[in-house]
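Before any comments, here is the structure.
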Amino acid sequence: MRKACVALLYLALIGCGGGDKVAPADGEQSQQRFEWKLVTSWPKNFPGLGLAPEHFAEAVERMSNGRLKIKVYGAGQLVPALEVFDAVSQGTAEVGHSGAYYWKGKIPASPFFGAVPFGLNAQEMNAWLHYGGGLELWRELYEPFNLVPFAGGNTGVQMAGWFNREINSIADIKGLKMRIPGLGGEVFTRAGGISVNLPGGELYTSMQTGVIDATEWVGPYNDLAFGFYQVAKYYYYPGWHEPGPALELIVNKQALEALPDDLQAIVETAARAINQDMLDEYTARNNAALVELVEKHGVQVRKLPDDVLAEFQRLSADVIAELAAEDPLTKRIADSMRAFAAQSSAYHGISEEAYYNARGK
Ligand code: CA
């Protein structure tokens with residue numbers, strides 16, 4: 001009772017003594033305006049990947065009633081595609097949208113937050129990040145770089161890629177020159193292939209001129225837009241190398257902490273929204289694009305032979321074990337993801353998988 005009286009007295013005092021300036025500190029802070037720069041690794045407005053940061057900026061501006069404005073720069077407009085991480089780390093831009101596996105040279109564990117061959121699919125990746133300890137590990141990994149990562153989208157299981165010859169056994173991989181980056185590329189090389197990394201814009205011409213024999217890109221939606229059906233006959237699945245590739249939204253730590261609590265919540269909520277939205281869009285558009293590729297363009301859709309997938313899986317386990325041996329944090333991340341995958345397989349076998357089998361076509 002006495003405490004309540006003191007509190008009332010205090011409120012009365014500040015109410016009377018404040019003159020015109022009646023807004024408390026929080027109220028003043030809520031009027032403060034911020035302008036951020038967002039750098040990306042994608043061409044401006046690139047379908048799917050490049051639209052996510054645009055949606056993020058729009059959502060933040062609307063939810064904050066214009067108090068946090070974010071200007072989005074495509075790859076090369078403010079910094080080159082692969083300098084997003086450094087630019088946000090150093091504060092050249094406050095926020096970035098990219099893929100964690102691009103930073104493998106700097107951070108060996110980064111592919112675990114992008115794509116690991118035979119790793120988690122999109123549903124599992126989101127579950128591991130948000131309810132399985134993954135995001136905490138990701139934040140620990142990026143902490144020394146002054147960055148706070150958020151999940152920033154997912155394409156869902158990709159396709160194994162476009163091939164200009166049939167793959168009937170592991171012998172057909174030998175000497176095959178394929179654009180396949182990241183850990184998948186390492187596995188492909190160990191299987192006897194020649195992996196190369198080329199930017200998306202060069203893939204069509206490289207296939208057309210025979211510089212490469214095969215290429216992976218994303219999935220039907222993005223691949224149809226690039227016209228790969230004109231330069232390769234066979235479209236193989238499944239995307240063993242990128243089963244649930246996550247994109248990242250990275251925020252400069254000081255910039256995030258300088259925001260009042262409500263704007264921080266808006267950033268977090270908008271990130272969560274674009275993360276789910278990208279998967280929704282890819283899921284819908286991939287379905288429609290695959291129908292068009294097959295029915296309109298006569299693309300031959302083929303499954304990679306089981307023995308080829310088994311060999312890729314065996315080699316992937318080696319690559320991941322070597323990665324996990326790099327340092328204790330990488331090992332903790334690898335162990336956490338592996339344990340989550342094992343649990344998920346047990347339940348998904350009797351839920352998602354059993355249901356798909358029961359539903360049939
Ligand atoms: Ca890909």
Side-chain angles (χ1 to χ4, degrees), residues 40-43 46-52 75 81-82 84 97-104 110-122 124-125 151-163 167 173 176-189 191 193-204 206-207 212-229 231-232 234-248 275 278-279 281-283 285-286 289-290 293 299 301-304 308-309 312-313 316 319-320:
T40 76
S41 299
W42 331 114
F46 187 74
L49 307 178
L51 291 179
L82 300 184
V84 167
H97 191 261
S98 189
Y101 40 61
Y102 289 137
W103 325 128
K104 186 177 177 297
S110 67
F112 288 99
F113 303 99
V116 170
F118 296 94
L120 305 178
N121 71 12
E124 294 169 328
M125 188 70 174
N154 200 305
T155 66
V157 185
Q158 297 200 350
M159 289 290 283
W162 296 86
F163 293 74
I167 304 299
I173 299 297
L176 198 73
K177 203 167 175 191
M178 179 170 184
R179 183 270 185 186
I180 174 168
L183 297 181
E186 174 64 27
V187 170
F188 190 78
T189 299
I194 302 158
S195 68
V196 294
N197 192 8
L198 295 167
E202 291 177 25
L203 300 182
Y204 183 93
S206 301
M207 283 295 285
I212 50 175
D213 308 304
T215 185
E216 72 82 51
W217 180 229
V218 182
Y221 169 39
N222 284 150
D223 294 9
L224 172 67
F226 267 8
F228 293 133
Y229 59 88
V231 291
Y234 304 105
Y235 197 19
Y236 274 92
Y237 69 93
W240 57 275
H241 62 305
E242 290 180 333
L247 286 309
E248 66 178 13
N275 183 53
M278 188 191 292
L279 184 61
E281 187 189 4
Y282 270 98
T283 304
R285 300 206 194 286
N286 277 334
L290 182 65
L293 284 168
V299 167
V301 178
R302 301 278 173 92
K303 182 174 181 281
L304 283 173
V308 171
L309 286 172
F312 284 162
Q313 188 165 18
S316 296
V319 168
I320 290 165

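Both counts, for ligands and for their atoms, begin at 1 and track the order of listing. Note that the structure is predicted; figures quoted are calculated from it, not measured.
Minimum heavy-atom separation, M178 to A160: CE-O, 3.3 Å. Closest approach of A100 to G114, counting heavy atoms only: CB-N, 4.1 Å.
Between W162 atom CH2 and D213 atom CG the span is 16.0 Å, to the nearest 0.5 Å. The CG atom of D223 sits 8.5 Å away from the CG atom of N286 when rounded to the nearest 0.5 Å.
In the model, N154 has no side-chain atom that pairs as donor or acceptor with a side-chain atom of Y282 under 3.5 Å.
Protein N/O/S atoms closer than 3.0 Å to the Ca ion (ligand 1): Q158 OE1, E216 OE1, E216 OE2, W217 O, E242 OE1.
By the 4.5 Å heavy-atom criterion applied to side chains, P245 and Q158 are counted as neighbours.
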